[in-house]
Amino acid sequence: MIIKPSTCLRNEYNDIAEYCKTENQPVFLTKNGEGDLVVMSMETYSYREEMLDLREKLLEAEAQRLSGTKTFSLDEVNSRLEEIINGDI
């Protein structure tokens with residue numbers, strides 16, 4: 001984990017940006033010795049958002065399963081998809 005004072009963002013922007021992009025890691029910035037900001041590449045941010053969205057959907061599906069919502073086996077899903085693809089429906 002990289003922690004730098006906020007003044008480094010102004011003075012070392014290119015180095016920080018390069019680190020974030022090549023290492024796919026955030027840089028934590030402090031202001032007056034306290035945590036202030038997190039800087040990360042757009043690619044890392046987008047990936048993180050996609051993973052959080054997927055996690056939310058999985059948690060929702062698991063909650064539905066636990067509440068008794070009907071589920072389907074992998075074989076049932078495959079059969080249904082084959083019927084759709086083959087135009088049997």
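Everything numeric in this text was worked out from a predicted model, so none of it was measured.
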From [X] atom [atom1] to [Y] atom [atom2], the distance as rounded to the nearest 0.5 Å:
X: Met51; Y: Arg55; atom1: CE; atom2: CZ; value: 12.0 Å
X: Glu83; Y: Asp88; atom1: CD; atom2: CG; value: 6.0 Å
X: Ile85; Y: Glu82; atom1: CD1; atom2: CD; value: 7.0 Å

If you look only at pairs with a residue in residues 63-72, which of them pass as a salt bridge (Lys or Arg N to Asp or Glu O under 4.0 Å), with sequence neighbours excluded? Glu62-Arg65
Show me the pairs that pass salt bridge (Lys or Arg N to Asp or Glu O under 4.0 Å) and involve residues 26-52, at least two apart or across chains. none
Mind checking what makes side-chain contact (heavy atoms from CB on, under 4.5 Å) contact with Ile84, not counting sequence neighbours? Arg80, Ile89
Glu76: partners by side-chain contact (heavy atoms from CB on, under 4.5 Å), with sequence neighbours left out: Phe72, Ser73
Connected hydrophobic set around Met42, excluding itself, where side chains approach under 4.5 Å: none
Linking directly or through intermediates, with side-chain heavy atoms under 4.5 Å: list the remaining ILVMFWY members grouped with Phe28, chain and number order. Met1, Ile3, Val38, Met40, Tyr45
What are the two closest non-hydrogen atoms of Val39 and Cys20, and how far apart are they? O-SG, 3.5 Å
Residue pair Thr44 / Ser41: nearest heavy atoms and the distance that separates them: OG1-OG, 2.9 Å
Side chain proximity check, Cys8 to Ile16, heavy atoms < 4.5 angstrom: yes
Does Asn32 CG have over 12 foreign heavy atoms under 6.0 Å away? no
Residues in salt bridge (charged side-chain N to carboxylate O under 4.0 Å, His left out) contact with Asp53, at least two apart in sequence or another chain: Lys57
Under the side-chain contact (heavy atoms from CB on, under 4.5 Å) rule, what do Leu29 and Val27 come out as? Steps first, then yes or no, please. CA-CA 6 Å; Leu29 301 174; Val27 172; 4.1 Å; yes
Pairwise side-chain hydrogen bond (donor to acceptor under 3.5 Å, both in side chains) hits with a residue in residues 7-21, at least two apart: Lys4-Glu12
